[in-house]
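Predicted model only: the values in this text are computed from it and were never measured. Every number for a ligand or one of its atoms is a count from 1 in the order of the listing.
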Amino acid sequence: MTTMESLIGLVNRIQRACTVLGDYGGGENTFSSLWEALPSVAVVGGQSSGKSSVLESIVGRDFLPRGSGIVTRRPLVLQLHKTEQSSQEYAEFLHLPRRRFTDFAMVRKEIEDETERITGKTKQISPVPIQLSIYSPNVVNLTLIDLPGLTKVAVEGQPESIVQDIETMVRSYVEKPNCVILAISPANQDIATSDAIKLAREVDPTGERTFGVLTKLDLMDKGTNSLDVLEGRSYKLQHPWVGVVNRSQADINRSVDMIVARRKESEYFATSPDYGHLASKMGSVYLAKLLSQHLESVIRARIPSITSLINKSIDELESEMNLLGRPIALDAGAQLYTILELCRAFDRIFKEHLDGGRPGGDRIYGVFDHQLPAALRKLPFDRHLSLQNVRRVVSEADGYQPHLIAPEQGYRRLIEGSLNYFRGPAEASVDAVHFVLKELVRKSIGETQELKRFPTLQAEIAAAANEALERFRDESKKTVIRLVDMESSYLTVDFFRRLPQEADKGGNPASTTADRYAEGHFRRIGSNVSSYVGMVSETLRNTIPKAVVYCQVREAKQSLLNYFYTQLAKKEGKQLSQMLDEDPALMERRLQCAKRLELYKAARDEIDSVSWAR
Ligand SMILES: Nc1nc2c(ncn2[C@@H]2O[C@H](COP(=O)(O)OP(=O)(O)OP(=O)(O)O)[C@@H](O)[C@H]2O)c(=O)[nH]1
């Protein structure tokens, strides 16, 4: 195989693989497009400019749909493969692998049918290409993309927007720097008004990648010629203009053979008084060779950047595949192992949140440092130990016999009443920490990359972790309530013994009985109780956090999933595989990544295997 054949063959193979994967440039696709990096030749021209005729004479076969209106409604990627002389000519569609078309009338029919399969009978256009390979001794290796003809008006049954839609589609091809533009203009029309040249001028102002083709030279008025165009004086391009003479409508109607038409075309130039001196550089056979050579040199120049795109894509895909993880094993043992691994991965992240490697654990300290003290400060002791209330409680406790020295019962009741208020903040601390832990579970599940693919297992782990947290919460509540109850069950005697004696304080030992019941007395009782309660509050402010950490935080760190593990051990293979039920979108993505990786690797091998003539 010559270098040229292998280079174009290389691009052809990569192109086919791209189409199979739905990569033909354009939006939606989340993968970088290899298609767009590949050089190609796009055929553009106004309606009836002779596009189909040029393509057919390059191929040496008629196989393109004909008719009035907009016939080409999907891009046709036409890959030409030169085969041994005298070998059988055939065509193959990518969407019908293994079916060889030897009858080119059937090829035409299939293009029509396949166009409609996507666009419906609505005469809409679609950017999804049809891919056709032709194997023939009469072609040169070349890939051409036939695009809908540029038009100015919509016709029967076609929406108004089609004019713009076609231009947009054609433009999307020709504006790519890798696209060689084959701009078809009819000779019997002023070149300045050519749709093809207008578009080419816009997207390729320097004319580096535009090949001008002038059709219908035979249809010019007698006595006029196109030498100004063909010799580059009317519109200058970097590449020489090529004139062609295709079959006329009458030839087509008489089904003049393409090979005969090619011969007639070369006779036309050879004997033409106007173009005779250009004969060797005119005609569709020459055009095909010129394009093939040019395409080859473009491909050669593009190979390094294609290679680096491929390598970059392979790296990206491989790291994505790593994130997506391997497909799951089928036997129960391996599945259990996988589940345990995933649980551990989650647990690790959860612990990092508590221990400070990740944020969130500090919010637990926030509960102890702010929420709890604030709640304790807000307890309504002022009201409970108001003069009025103290007087009421003490009197009620005394009954018919008022206390003589100190109101023992009254003190107890006031203290007990006060201590009851501590239940609220104690339970609230437990709940607050519970919610922090729950939130950390949620976060940790989200952050466990390995779990992303298993929504079912995610839900199971979340449920198990939350259940465990509930249990820890119940335990913790019991414990903090017990702390409060312990305070009421035995009062600190020393505190009261150390209180200054009533008599010492008054300064007047001869104080009257009336004095005893005076305001000052109750106020003192209130303030004594208040300082006792303050002392208890201080104690609880320190002990509640200890209880909460002991019952909830420490347990969560040590045994969040313990119960889940024992449940897991009892499960059967089927239940385990249900837990490892992957997100279908993810399975799809892995499949796509794998296919794409295969494509890129194959492309890389292809490139490696082509020996360069440097
Ligand atoms: N005499 C003569 N007729 C030509 C030549 N090129 C094209 N024609 C005729 O011009 C008409 C239009 O040619 P097509 O090849 O169908 O043009 P097209 O650009 O593909 O047209 P649409 O696909 O409909 O946009 C046909 O009747 C061809 O026979 C040529 O060089 N000489």
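- Between Tyr235 and Trp241, the angle of the ring planes goes over 60°, which puts this pair in the perpendicular group of the 30/60° scheme.
- Those atoms of ligand 1 that come under 4.0 Å of a heavy atom in Val245, given as number and element, are 31 (O).
- Put simply, the side chain of Pro75 reaches to within 4.5 Å of the side chain of Tyr173, judged on heavy atoms.
- Comment: Lys109 engages Asp113 in a salt bridge, judged by a side-chain N to carboxylate O separation of less than 4.0 angstrom.
- Cation-pi check for Arg100 over Tyr90 is met; the charged atom lies under 6.0 angstrom from the ring centroid and within 45 degrees of its normal.
- What sits closest to atom 15 (O) of ligand 1 on the protein, heavy atoms only, is Ser53 OG, 2.5 Å.
- At the shortest separation from atom 5 (C) of ligand 1 among protein heavy atoms lies Lys216 CG, 3.4 Å.
- Gly50 N, 3.1 Å is the protein heavy atom nearest to atom 17 (O) of ligand 1.
- Contact record, Thr83 with Pro137: OG1-N, 3.2 Å, taken as the closest heavy-atom pair.
- Of all the atoms in ligand 1, the ones that sit under 4.0 Å from a non-hydrogen atom of Gly46 are 19 (O).
- Ligand 1 is approached by Ser48 to a heavy-atom distance shorter than 4.0 Å.
- Using a 4.5 Å heavy-atom threshold, the side chains of Arg61 and Glu56 count as separate.
- Closest to atom 18 (P) of ligand 1 among all protein heavy atoms lies Lys51 N, 3.5 Å.
- At a heavy-atom cutoff of 4.0 Å, ligand 1 is contacted by no atom of Glu56, backbone or side chain.
- Ring planes of His294 and His239: perpendicular class, angle over 60° (limits at 30 and 60°).
- Of all the heavy atoms of Asp218, the ones lying under 4.0 Å from any atom of ligand 1 belong exclusively to the side chain.
- When non-hydrogen atoms are compared, ligand 1 lies under 4.0 Å from the side chain of Ile252 (C-beta onward) but not from its backbone.
- Nearest-residue assignment for atom 23 (O) of ligand 1 (options Ala261, Ser52, Gly243, Gly149; heavy-atom criterion): Ser52.
- Atoms CZ and CE, on Arg262 and Met258 in that order, are 7.0 Å from each other to the nearest 0.5 Å.
- With contacts defined as side-chain heavy-atom distances shorter than 4.5 Å, the pair Leu147/Val43 does not qualify.
- If you check which protein heavy atom lies closest to atom 6 (N) of ligand 1, you get Asn246 ND2, 3.2 Å.
- Each of the following atoms of ligand 1 lies closer than 4.0 Å to a heavy atom of Leu219: 1 (N), 2 (C), 3 (N).
- Below 3.5 Å of separation, one finds no N or O of Gln47 facing any N or O of ligand 1.
- Atoms of ligand 1 lying under 4.0 Å from any heavy atom of Arg66, numbered from 1 in the order shown and given with element: 16 (O).
- For the pair Thr215 and ligand 1, the shortest N or O to N or O distance does not fall below 3.5 Å.
- Put simply, the side chain of Thr456 does not reach to within 4.5 Å of the side chain of Leu580, judged on heavy atoms.
- Nearest non-hydrogen protein atom to atom 4 (C) of ligand 1 is Arg247 O, 3.5 Å.
- Near Gln249, the atoms of ligand 1 lying under 4.0 angstrom from a non-hydrogen atom of the residue are 26 (C), 27 (O), 29 (O).
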**OP:** Could you give me the CA-CA distance, side-chain angles and deciding distance for Phe63 and Phe101, then say whether ring pair (Phe, Tyr, Trp, His ring centres under 6.0 Å) is met?
**Re:** CA-CA 11 Å; Phe63 62 96; Phe101 289 75; over 10 Å; no

